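Step one of this worksheet: look at the structure below.
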Amino acid sequence: MPTLTAETMSAPQFVEVALAEADGTFHYHLPSTWAAAPLTPGTRLLVPFGRGWRLAYYVRRVDRPEVPETKPVLALLDGDVSIPSSLFQLLHWISDYYSAPLGRVIKGAFPQGSQAVVRRRFHLTEAAESAGGEKKTALQERVIAALKEGGGLTEPQLRKRTGGEKLAGSLSTLKKKGWITEAWEVDRPAVRKKFRRLVFLKSDPAEAVSLISSLQKRAPQQASVLQILLTAGGAMPVGAFEAPLRASLKRLLDKGLIDQAEEEAPRTPMRPSGFPLQPSILLNPDQQGAVEQIVSAVEGKTFTPFLLHGVTGSGKTEVYLRVIEKALAQKRGAIVLVPEIALTAQLVARFQSRFGEAVALFHSGLSPGERYDEWRRIREGKAQIAIGVRSAIFAPFESVGVIIVDEEHDSSYKQDDGVRYHARDTALVRGKQSDAVVVLGSATPSFESFYNSETGKYRLLPLPGRIDARPLPAVAVVDLRKKEDWVRPFLTRPLLSAMEKRLENREQTLLFLNRRGFSPSLLCPDCGYLPHCIRCSVSLTFHKKLQKLVCHYCGFQLAPPTACSQCQGIRLVHLGIGTEQVEEEIRQRFPAARVARMDRDTTQKKESHHKILTAMAQREIDILIGTQMITKGHDFPDVTLVGVLCADLSLHFPDFRSSERTFQLLAQVAGRAGRGDRPGEVIIQTFQPNHESIVAATTHDYLGFYAQEIAFRKEMGYPPFCRFTLLLFSHSEEKRVVDRAAALVKEIEKVLPPPKKGEAERGVTLLGPAPAPLMRLRGEYRYQILLKGKDQKKIASVLKEGLNSWKRMERKGVRLEVNVDPQNFV
DNA sequence: AGCACGCCGACT
DNA sequence: GTCGGCGTGCTC
Ligand SMILES: [Zn+2]
Ligand SMILES: [Zn+2]
């Protein structure tokens with residue numbers, strides 16, 4: 001490997017790069033011929049690393065490397081995509097704030113699969129042929145056999161052919177013995193531009209016409225091909241010609257009468273169809289006021305955060321559309337973030353009917369190719385609006401004018417593994433970095449956001465009225481403690497009679513239960529035993545259709561036992577209820593009704609989700625039962641009754657936000673009732689009819705609920721009055737986890753800032769270690785510690801020191817994950 | 001991620 | 001004694 005030092009050559013160029021596979025950054029020198037290479041941050045490079053090659057991301061130039069000897073960058077691996085510099089700034093912030101390796105953050109900002117693949121290929125050596133007699137393990141034998149048969153193979157290819165999960169060991173042994181060699185290679189990305197062949201006329205239309213008539217007799221098919229081409233405007237993709245004409249096409253090409261070329265054929269996500277065009281509606285005064293304020297901020301091109309607080313049906317979307325128009329007029333991009341389950345065809349149709357091709361779409365249903373093409377449409381300036389889920393915050397605009405975060409309170413904006421960023425908070429930072437306007441919209445804003453609007457950090461824009469002044473639905477509470485009202489499990493007299501009325505009137509009912517499956521556990525009443533997951537500390541959910549007990553955390557499945565495994569009792573009973581059981585009960589109760597269920601189990605297939613929604617819209621369903629999924633994003637004008645079967649479920653989460661979440665959920669569900677011209681009714685069943693979340697939901701009183709809860713948060717010193725960072729330790733041996741967590745706590749305690757003068761509490765306090773609410777997951781024990789403080793900067797510095805200690809400490813294989821601003825404490 | 005190195009208990 | 005698995009640190 002040619003290396004050089006600062007002394008051996010004149011003015012070498014040094015660069016800092018980040019890798020997705022190794023934390024930190026590394027320094028290399030550029031080949032001297034590249035000195036003027038225009039590198040932009042995020043540019044992908046091939047570098048030597050250890051004994052192999054890696055893909056690396058260019059970060060910046062450095063005057064002087066940190067290490068005495070640097071290796072040279074080998075090649076530029078940039079394909080058709082690059083990251084705009086304004087976005088790179090944001091990636092830096094994410095890496096820093098969420099304490100995630102920069103390389104991994106950068107990797108996540110590129111469309112998946114669009115990167116060149118750097119890997120090694122193994123070959124058999126001569127020595128291996130002559131070393132037949134030496135002893136080898138079975139896996140090693142299989143590797144050799146596979147290589148003998150298949151020539152050079154990559155690791156995934158070998159894995160497939162040998163069935164070996166743990167190949168690494170065998171490969172390195174074989175390599176050491178000199179029986180196999182490896183060669184590094186760079187392969188083209190799996191996701192690439194798609195091309196199609198285009199044929200076109202070489203002559204102008206007049207000449208073509210005379211050509212056609214001259215061919216008419218001798219070669220009528222060729223003439224008709226030319227005619228088709230002429231009619232199509234002179235050019236057409238080969239694929240658009242019917243098969244019988246292809247031969248004539250080829251003859252024309254051979255004769256040189258027409259020509260062909262390759263053209264990119266962009267893959268576009270399915271466009272929703274069948275929705276009525278919504279004309280630009282007249283704004284009510286509140287909407288008008290909101291639009292004016294936001295638009296003037298957009299014109300000012302300064303970072304301005306707004307909180308648009310409007311109940312469901314208050315016309316937030318129309319406000320968004322107007323604001324986006326303004327940003328586009330300024331030649332700046334717009335990003336619209338929407339929670340996954342709210343990103344419906346209905347919403348997309350609305351944006352596309354207004355903005356057409358300018359809309360690029362990002363959601364989990366796209367193929368990698370579609371995602372890549374949509375990404376490039378934005379990068380190349382062909383699309384100005386990115387609408388999508390969490391990761392759409394990385395839309396590669398050079399310049400963003402407005403970022404909208406719809407349903408900003410939704411917890412799906414927080415990524416819960418890997419780089420644990422919060423898209424709403426990231427949106428605010430991107431807005432600040434780009435001098436853009438950020439609009440957070442919600443009917444039930446997160447307390448953090450509403451608090452920020454009270455302190456003046458955000459500008460509050462209330463939309464108090466519903467369009468057409470439709471009243472909010474009447475909400476009734478049914479006390480589940482009154483067992484005399486129970487007709488069937490979780491189906492009470494008041495709810496059933498309200499449903500009967502809807503069936504008579506040919507109106508629709510939504511039943512909401514936040515729990516899928518048939519029953520959340522089986523119980524042996526003789527000994528109290530509940531079947532648990534073998535790898536997680538949760539009971540197994542019974543799925544009737546599947547005839548399996550399923551772990552909702554790790555997917556473990558078990559055939560349902562016929563007898564108790566502890567006492568052999570055979571009277572196993574279902575404890576609690578899930579949507580599957582509700583569906584069964586409802587079908588029995590209302591045999592004539594058309595019943596459907598929408599939850600993760602019934603929407604596995606790609607189009608099933610859409611099918612249910614369409615059936616619902618066309619009134620082919622009388623009663624729809626579902627989980628969270630039914631609560632967002634669709635207008636069902638004929639739903640006049642919403643039943644919440646058990647409102648308590650979300651109250652039991654081990655989380656200081658559980659009251660807030662429950663209220664938000666209930667408000668959201670209630671918003672599904674009465675969106676047409678008929679008034680809606682909501683029935684909430686609960687064991688805690690006096691709980692503040694439920695009381696507030698019955699009166700649609702966000703402000704009252706907020707006032708009460710925020711006082712409680714203040715008293716307890718919970719967010720928004722403090723910040724949290726959660727550290728999660730995990731390992732299959734419980735005592736190691738406990739021990740290592742305690743050891744780190746000891747280290748962290750040394751660096752906690754002292755209390756301010758006159759205050760009892762330190763600037764950052766540490767809670768734990770304590771078992772995580774889900775103490776075991778996939779066979780690993782989990783303990784956590786929580787850092788708490790008013791000043792995020794202080795928490796961050798404690799965290800940094802803590803992580804430094806962790807790096808130096810004995811870790812005994814225990815994993816540590818950092819979760820800044822955790823939303824999910826399980 | 002992949003590799004080398006050092007440590008420690010097991011075993012020819 | 002030395003083999004092998006585990007844990008740790010390093011890769012520019
Ligand atoms: Zn039993
Ligand atoms: Zn499990």
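Numbered from 1 within each chain, the chains take letters A, B, ... in sequence-line order. Source: prediction; values computed, not measured.
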Go through the structure and list residues passing side chain to side chain contact (heavy atoms under 4.5 Å, CB included) with [X], not counting sequence neighbours.
{"X": "A:Ser537", "result": "A:Leu774, A:Met775, A:Arg776"}
{"X": "A:Lys548", "result": "A:Leu546, A:Val550, A:Gln557"}
{"X": "A:Ala395", "result": "A:Ile335, A:Ile378, A:Ala386, A:Phe397"}

With a non-hydrogen cut-off below 4.0 angstrom, is [X] in contact with a base, only sugar-phosphate, or nothing?
{"X": "A:Phe49", "result": "base"}
{"X": "A:Glu810", "result": "sugar-phosphate"}
{"X": "A:Arg119", "result": "nothing"}

With sequence neighbours left out, write down each residue that passes salt bridge (Lys or Arg N to Asp or Glu O under 4.0 Å) with A:Arg535, or none if nothing qualifies.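 With sequence neighbours excluded, A:Arg535 shows a salt bridge (Lys or Arg N to Asp or Glu O under 4.0 Å) to no residue whatsoever.
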Rounding to an integer number of Å, can you tell me how far A:Arg54 CZ sits from B:dA1 P?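 Result: 10 Å.
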Send over the distance from A:Leu158 CG to B:dG2 C1', rounded to a whole Å.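 It works out to 16 Å between those atoms.
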Reading DNA chain C from 5' to 3', where do the contacts with chain A start and stop? Cut-off is 4.0 Å to heavy atoms.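 Span of nucleotides near chain A: C:dG7 to C:dC12.
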Within the side chain of A:Arg736, is there an N or O that forms a donor-acceptor pair under 3.5 Å with the backbone of A:Lys812?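 Present.
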Sole residue of A:Arg119, A:Arg120, A:Arg192 in salt bridge (Lys or Arg N to Asp or Glu O under 4.0 Å) with A:Asp187: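 Only one option passes, and that is A:Arg119.
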Heavy-atom protein contacts under 4.0 Å, nucleotides 3-12 of chain B, coded B base, S sugar-phosphate only, - none: SS--------
Going by distance alone, is a donor N or O of one side chain under 3.5 Å from an acceptor N or O of the other, for A:Arg371 and A:Gln112?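 Absent: no donor and acceptor within the cut-off.
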Can you name the one residue among A:Tyr421, A:Phe88, A:Tyr98 that meets ring pair (Phe, Tyr, Trp, His ring centres under 6.0 Å) with A:Trp93?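 Filter result, single survivor: A:Tyr98.
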